[in-house]
Amino acid sequence: MIDLGVSKLALIAVVALVVVGPERLPKIARMAGNLFGRAQRYMADIKSEVNRQMEVEEFKKFREESASALKEVENSINSTVQEANTHLSDQADIFETSFEKLPLDERAVWDKTKRQGRNSWGVRRAARPIWFKRSAGMRTRVQSGAARMKRFHHSAIK
């Protein structure tokens, strides 16, 4: 802002001491410092607001550019899709005359995806003998947590 050297500050301090007097000089110095701090904060606020406005303008410009680029890409994709559809419709006429469409059996597709027979985990687990399940500690019946706690509690008392 203002370029003040040490000699200029000393001269201003001497003049202020003579004009104001030594009694009121600390009070005036505090007031001047307070005003100087307010001016600095005001200038910082103005700078931040200007920077924010510049960023908003840059963002708006970027958004407009990206929107126009997106529209160009969308138009090119739409034109490519339309060209592909026309070519495919021409080719589809040829294929429809030479091949017959087979009906899709949904049950057959479902049966192929399901695991069946020995490969099924559920079948392998259920096929184990009961003596093996008991010795391995596998659960054979569904039981609530409270019933299980009651069963083990009574067995511990006996």
Side-chain angles (χ1 to χ4, degrees), residues 1-96 101 104 106 109-116 119-126 128 133 135-157:
M1 283 179 24
I2 301 172
D3 187 27
L4 296 176
V6 177
S7 62
K8 290 181 182 178
L9 285 175
L11 181 64
I12 291 172
V14 168
V15 170
L17 184 61
V18 169
V19 172
V20 175
E23 310 85 38
R24 292 187 294 172
L25 188 62
K27 185 177 179 181
I28 292 175
R30 273 194 301 266
M31 188 173 59
N34 191 2
L35 291 174
F36 186 69
R38 284 185 187 178
Q40 282 184 334
R41 285 192 295 272
Y42 182 69
M43 291 300 291
D45 288 343
I46 289 174
K47 283 182 183 179
S48 66
E49 186 65 30
V50 168
N51 288 337
R52 194 175 309 126
Q53 289 295 329
M54 289 173 56
E55 289 173 1
V56 167
E57 289 175 7
E58 289 175 4
F59 178 72
K60 284 180 182 178
K61 187 186 294 183
F62 175 72
R63 188 177 71 187
E64 290 171 359
E65 290 173 359
S66 62
S68 64
L70 181 66
K71 286 188 180 193
E72 289 176 11
V73 169
E74 187 177 352
N75 290 337
S76 66
I77 289 173
N78 285 337
S79 63
T80 306
V81 167
Q82 288 175 354
E83 290 175 12
N85 283 339
T86 57
H87 290 299
L88 286 176
S89 65
D90 295 341
Q91 298 296 324
D93 295 337
I94 296 170
F95 285 120
E96 284 179 2
K101 293 183 180 176
L104 180 63
E106 293 180 13
V109 172
W110 174 252
D111 288 342
K112 287 180 183 177
T113 59
K114 229 175 23 172
R115 298 184 78 178
Q116 295 175 339
N119 292 334
S120 174
W121 174 81
V123 170
R124 285 195 319 247
R125 184 178 167 114
R128 294 183 180 143
K133 291 180 184 179
S135 66
M138 294 175 65
R139 293 187 190 138
T140 57
R141 294 185 178 88
V142 177
Q143 191 175 30
S144 70
R148 197 175 307 115
M149 291 294 291
K150 184 177 179 182
R151 186 180 77 198
F152 286 116
H153 182 70
H154 286 295
S155 65
I157 294 174

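The shown structure was predicted, so the numbers you read here are calculated from the model rather than taken from an experiment.
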Value for CZ (R148) from CD (Q143), rounded to nearest 0.5 Å, stands at 6.0 Å
Applying side-chain contact (heavy atoms from CB on, under 4.5 Å) to V142 and not counting sequence neighbours gives none
Here the pair of heavy atoms bringing T86 nearest to E83 is OG1-O, 2.6 Å
The reported gap from CD1 in I46 to CG in N51 (rounded to nearest 0.5 angstrom) is 12.0 Å
Quick note, salt bridge (charged side-chain N to carboxylate O under 4.0 Å, His left out) partners involving residues 30-54, not counting sequence neighbours, are E49-R52
Sorted by chain and residue number, the side-chain contact (heavy atoms from CB on, under 4.5 Å) partners of L17 (sequence neighbours excluded) come out as P22, L25
Sequence neighbours excluded, the answer for side-chain contact (heavy atoms from CB on, under 4.5 Å) partners of A146 is S144
So salt bridge (charged side-chain N to carboxylate O under 4.0 Å, His left out) across residues 56-77, not counting sequence neighbours, yields none
Taken in chain and number order and not counting sequence neighbours, the residues that satisfy side-chain contact (heavy atoms from CB on, under 4.5 Å) with V81 are I77, N85
